[in-house]
Amino acid sequence: MIALSEISASVARLQATFSTGKTKSAQWRIEQLKRIKQMTLENESKILEALKADLGKCELEAWNSEISYITGEVDHNIKHLAKWMAKRKVKTPILAQPGKSYIQAEPLGTVLIIGAWNYPYQLTLAPFVAAVAAGNCAVLKPSELAENTSKLLAELVPQYLDTDAFCVVEGGVEQTTEVLQQKFDHILYTGGETVGKIVMRAAAEHLTPVTLELGGKSPCVVDSNTNLDVTVNRIAWCKWMNAGQTCVAPDYVIVTRDFADEFLVKMKQKIEDFYGADAQKSPDYGRIINHRHWQRINNYLQNQNVVYGGKGDERDRYLEPTLVLNPDLDSPLMRDEIFGPILPIVVIDDLSDAAPLINSRPKPLAMYVFSRNDGFVDSLLGQTSAGNVCVNDGMMFMANQDLPFGGVGNSGMGSYCGQSGFDTFSHLKAIMKRSFALDLDVRYAPYSDKKLKMLKMLR
Ligand code: NAD
């Protein structure tokens with residue numbers, strides 16, 4: 001484990017490695033990417049154990065959202081690396097002819113990746129894959145709240161990857177504060193808004209660019225003109241996966257009054273189809289990360305109209321899948337991001353009330369709409385803003401590496417995943433290469449009206 005007093009020297013060591021140029025070749029990048037995959041596959045059972053201990057994560061969810069997510073990112077990056085590293089040609093204007101123009105991605109240097117605890121393997125390593133593909137050195141700072149996964153990453157990364165180029169710093173506020181005092185060439189932070197501001201303030205000291213992957217209250221609008229069976233399947237899947245601790249889980253559902261009862265009956269039934277009458281006994285249902293978060297989520301239920309669930313067992317960090325009908329829109333449940341297994345159902349009179357309701361809150365990380373009516377969907381998307389949107393499903397955009405992932409407004413800035421991740425960790429250098437031929441003197445002094453006329457013609 002890297003001690004507090006060793007952090008500054010560790011970062012300096014990575015910076016020295018970067019300056020040798022070692023990380024720039026495609027060969028080195030591909031080798032390191034392959035080792036990330038190898039590390040993930042060879043240690044699958046250890047990763048599953050750590051995720052089970054941290055979050056009670058079942059094997060299928062852990063494999064799908066953490067292990068195969070990372071191996072998939074590695075494969076995608078290796079497959080497209082040559083194209084992303086190649087010159088990206090653009091047109092050259094008449095005034096600069098003969099000449100060529102292109103964009104060349106170059107690595108930024110030494111970057112910092114601060115991960116969150118809810119998908120602790122995925123959220124630390126997916127940005128790392130992008131940083132490696134882009135040819136950078138990197139410091140990884142996994143979340144201390146998922147302590148088993150953090151420890152495992154600190155053990156495995158130096159075993160598999162180039163220790164001159166990468167290191168893992170474990171720890172909480174003290175260690176992160178020390179890391180943030182170092183100068184990086186980019187910082188990608190995943191977590192809540194409050195720490196996001198701390199990261200951005202620290203980055204400003206060094207004029208370091210940041211990508212902030214934050215959260216927010218992601219709305220889910222359900223039109224009565226929908227396939228209700230499929231709709232409840234998909235909402236329940238992404239709401240109660242990882243016991244609701246997913247940044248892009250639907251935070252609350254919006255339905256019209258005439259449809260609310262039917263929706264509620266189906267959703268209650270769906271919870272029992274998924275997890276049985278007692279979800280605490282289900283091997284598929286996760287646990288809350290720690291007691292502080294258990295208390296925080298439990299407190300949201302005070303003075304609420306709980307129509308399903310609502311019970312918990314603090315010693316087991318268990319909270320039932322819970323439905324709240326018609327919450328007070330000014331209550332903490334509807335002000336804060338829930339980040340837990342409570343689904344409030346907000347009832348509106350008319351679908352046209354959905355957009356103003358969504359717009360009355362900060363821009364969310366994700367938005368969902370279930371409807372057969374394309375006109376309604378287009379109008380809702382046109383009136384609202386969100387980091388990522390899925391129509392007629394929940395969070396499936398995460399499965400498409402050709403889509404950038406990131407927030408907008410208070411839900412974050414910048415993005416990663418696939419090429420957007422490569423570009424985030426690269427400087428896209430603009431290059432123009434001129435020929436010595438045709439050295440028109442229209443732009444050179446002494447100026448004249450004739451030259452001005454000519455310039456205007458050439459524009
Ligand atoms: P967290 O408490 O795990 O903090 C994240 C990181 O910040 C950790 O590595 C931690 O060590 C560090 N940190 C904590 N306090 C600090 C301080 N005072 N100074 C410096 N560093 C500090 O994360 P969290 O805030 O509980 O995470 C939950 C939030 O993250 C939710 O809002 C969720 O929506 C969001 N999230 C977003 C994404 C995304 O991809 N956009 C993914 C997961 C979670």
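Note: hydrogens, waters and symmetry copies are ignored here, and every other heavy atom, side chains too, is used. Whatever order the structure lists ligands and atoms in, that order sets their numbers, starting from 1.
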Please write down residue, atom name and distance for the protein heavy atom closest to [atom].
{"atom": "atom 41 (N) of ligand 1", "value": "L214 O, 2.7 Å"}
{"atom": "atom 21 (N) of ligand 1", "value": "T176 CG2, 3.1 Å"}
{"atom": "atom 15 (N) of ligand 1", "value": "V195 CG2, 3.4 Å"}
{"atom": "atom 35 (C) of ligand 1", "value": "G191 O, 3.3 Å"}
{"atom": "atom 7 (O) of ligand 1", "value": "Y189 CE1, 3.4 Å"}
{"atom": "atom 28 (C) of ligand 1", "value": "F339 CE2, 3.7 Å"}
{"atom": "atom 8 (C) of ligand 1", "value": "G115 O, 3.6 Å"}
{"atom": "atom 26 (O) of ligand 1", "value": "W117 NE1, 2.8 Å"}

Worksheet item: Under a 4.0 Å N-O cut-off, is there an ion pair linking K239 with D251?
Response: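 Salt bridge absent between K239 and D251.
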Fill in: Test: R35 and E31 ion pair at under 4.0 Å
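Salt bridge between R35 and E31, a charged N being under 4.0 Å from a carboxylate O: yes.
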Practice prompt. Could you go through the side chain to side chain contact (heavy atoms under 4.5 Å, CB included) check for C220 and I235 one step at a time?
Written response: CA-CA 8 Å; C220 176; I235 295 176; 3.7 Å; yes
Discussion item. Would the distance check show the side chain of E66 and the main-chain N or O of Y121 forming a donor-acceptor pair, the cut-off being under 3.5 Å?
Written reply: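 Checked: pair present.
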What do we get for [X] next to ligand 1 when only non-hydrogen atoms under 4.0 Å count, side chain, backbone, both or neither?
{"X": "T190", "result": "both"}
{"X": "T246", "result": "neither"}
{"X": "Y119", "result": "neither"}
{"X": "V199", "result": "neither"}
{"X": "Q175", "result": "neither"}

Any nitrogen or oxygen of [X] lying under 3.5 Å from a nitrogen or oxygen in ligand 1? Just yes or no.
{"X": "T177", "answer": "no"}
{"X": "G192", "answer": "yes"}
{"X": "Y416", "answer": "no"}

Can you classify the ring geometry of [X] versus [Y] as parallel (below 30°), tilted (30 to 60°) or perpendicular (above 60°)?
{"X": "W117", "Y": "H293", "value": "tilted"}
{"X": "W84", "Y": "F422", "value": "tilted"}
{"X": "H80", "Y": "H76", "value": "tilted"}

Worksheet item: Would you say the side-chain atoms of Y119 and T246 include a donor-acceptor pair closer than 3.5 Å?
Response: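 There is such a pair (donor and acceptor under 3.5 Å, judged by atom type) between the side chains of Y119 and T246.
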Worksheet item: Does one side chain, of Y300 or D336, offer a donor that lies under 3.5 Å from an acceptor on the other?
Response: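 Yes, side-chain donor-acceptor contact under 3.5 Å.
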Item to complete: Output, in order, the C-alpha distance, side-chain angles, deciding distance and verdict of side chain to side chain donor-acceptor pair (under 3.5 Å) for Y160 and Q32.
Response: CA-CA 8 Å; Y160 282 82; Q32 298 305 311; over 6 Å; no
I need the atoms of ligand 1 closer than 4.0 Å to a non-hydrogen atom of [X], numbered in the order shown.
{"X": "E213", "answer": "37 (C), 38 (C), 39 (C), 40 (O), 41 (N)"}
{"X": "L365", "answer": "41 (N)"}
{"X": "E337", "answer": "31 (C), 32 (O), 33 (C), 34 (O)"}

Item to complete: Closest by any non-hydrogen atom to atom 38 (C) of ligand 1: pick that one out of A249, C247, S143, G406.
Response: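 The nearest heavy atom belongs to C247.
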Practice prompt. Show your reasoning for whether salt bridge (Lys or Arg N to Asp or Glu O under 4.0 Å) applies to E205 and K183.
Written response: CA-CA 9 Å; E205 277 305 310; K183 180 172 168 52; over 6 Å; no
Worksheet item: With Q175, which of L4, I2, L180 fulfils side chain to side chain contact (heavy atoms under 4.5 Å, CB included)?
Response: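 When L4, I2, L180 are each tested with Q175, the side chain to side chain contact (heavy atoms under 4.5 Å, CB included) holds only for L4.
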